[in-house]
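Heavy-atom basis, side chains included; hydrogens, waters and symmetry copies ignored. Just so you know, ligand 1 is whichever comes first in the structure, and atom 1 is the first atom listed for that ligand. Along the sequence shown, residues are numbered consecutively beginning with 1.
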Amino acid sequence: MPYQQAEPILEVQGLKKYYSVKGMRREFKNQQVKAVDDVSFTLNKGETLGLVGESGCGKSTTGRAILRLIEPSAGKVLYNHEDILKKPAREFRKIQKDMQMVFQDPFSSLNPRIRIGESIKESLTIHSIGNRNEREEMVMDILGKVGLRPDHYFRFPHEFSGGQRQRIGLARALVANPSILILDEPVSGLDVSIQSQILNLLQDLQDEFKLSSLFISHDMSVVRHISDRVGVMYLGKLMEEADTDTLFSNPVHPYTKSLLSAVPIAKVGRKRERIVLKGEIPSPLNPPSGCIFHTRCPYAMDVCKQVVPEKIQIQDRHTVACHLYN
Ligand code: SF4
């Protein structure tokens, strides 16, 4: 997407989701798990922003907090410049039509006793879109757009393969014609060949529906394939953000470098030097002081143990939170 056309549709500012700890050992009483800690980014119109990081880094919680599937602890989420976290529930439900989520396992959100067509239609009914006949037409139309057949309308969830179920997930998300999709590991449970079919379908649908997307994944290769820009998360914080080509050709944060060093290179004979991080990911219940990555960082300095690094811009549309660049 050309930079000069960039216009924000979603601005996440200082988003936090903290969980109180209950029923644990006395030393952890009154402590909080900081699942998402002061995360800020902008999603532009027509753009796909990849959010990547290891399991437990807070990327899925970020997606859910934006849609208030879990209530954020603090921060702002501006949709078309309006803070949707301040909206009362009734007003927020109207906005939800414009912002839909696609989950890793759409099967778990489908009622096994309800035919697929009826499940897809639910979103139209909830938002009072169209009359009965129009809703059926819209469902048939979206089935075709996601590569399913009209007779699939009358089938039950167990009659579909994993790839078909993800197509149903996309149909449910898209039938009400949203502006924003938040996709949480949408291809993680699929075989590689089916993954690429779904990713290609997603790209076609994004163009057709003029969607802006937040694509959450632990898989760097998948994120590279689908995203215009990428944000890298670690222990609830955003460490680096850049255009996809920049991030993959010139990563600057030590954590991003280590993640990318594990991604195979397609060219024969070319190999990256693998950066193996020491230790395990620390517990979010007792996260390290200063830079949250300092216990595993090969470049950690004294200042890193004491001072939280600010996010700084090192190039146009390339930010990093690391003392090496201050
Ligand atoms: Fe490593 Fe320090 Fe940079 Fe954190 S701030 S990533 S510990 S060099």
Peer 1: Given E241, which of H318, H253, R317, R229 fulfils the side chain to side chain donor-acceptor pair (under 3.5 Å) condition?
Peer 2: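 By the side chain to side chain donor-acceptor pair (under 3.5 Å) criterion, E241 pairs with just one of H318, H253, R317, R229: R229.
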Peer 1: Can you find a side-chain donor-acceptor pair between Y153 and E118 that sits under 3.5 Å?
Peer 2: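 Indeed, the side chains of Y153 and E118 share at least one donor-acceptor pair under 3.5 Å.
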Peer 1: Would you give the length of the straight line joining atom NZ of K59 to atom OG of S217, rounded to the nearest 0.5 angstrom?
Peer 2: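 Between K59 NZ and S217 OG, I get 7.0 Å after rounding to 0.5 Å.
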Peer 1: Side chains of Q315 and T246: do they bring a donor and an acceptor to under 3.5 Å?
Peer 2: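 Result is no, nothing qualifies.
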Peer 1: Find the distance between CD1 (I70) and CZ (R68) and round it off to the nearest 0.5 Å.
Peer 2: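 Answer rounded to 0.5 Å: 12.5 Å.
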Peer 1: Give the C-alpha distance, both sets of side-chain angles, the deciding distance and a yes or no for side chain to side chain contact (heavy atoms under 4.5 Å, CB included) between I168 and S119.
Peer 2: CA-CA 9 Å; I168 294 165; S119 286; 5.9 Å; no
Peer 1: Could you pull out the N/O/S protein atoms under 2.8 Å of atom 3 (Fe) of ligand 1, ignoring any water?
Peer 2: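 Counting only protein N, O or S atoms under 2.8 Å from atom 3 (Fe) of ligand 1, the list reads C322 SG.
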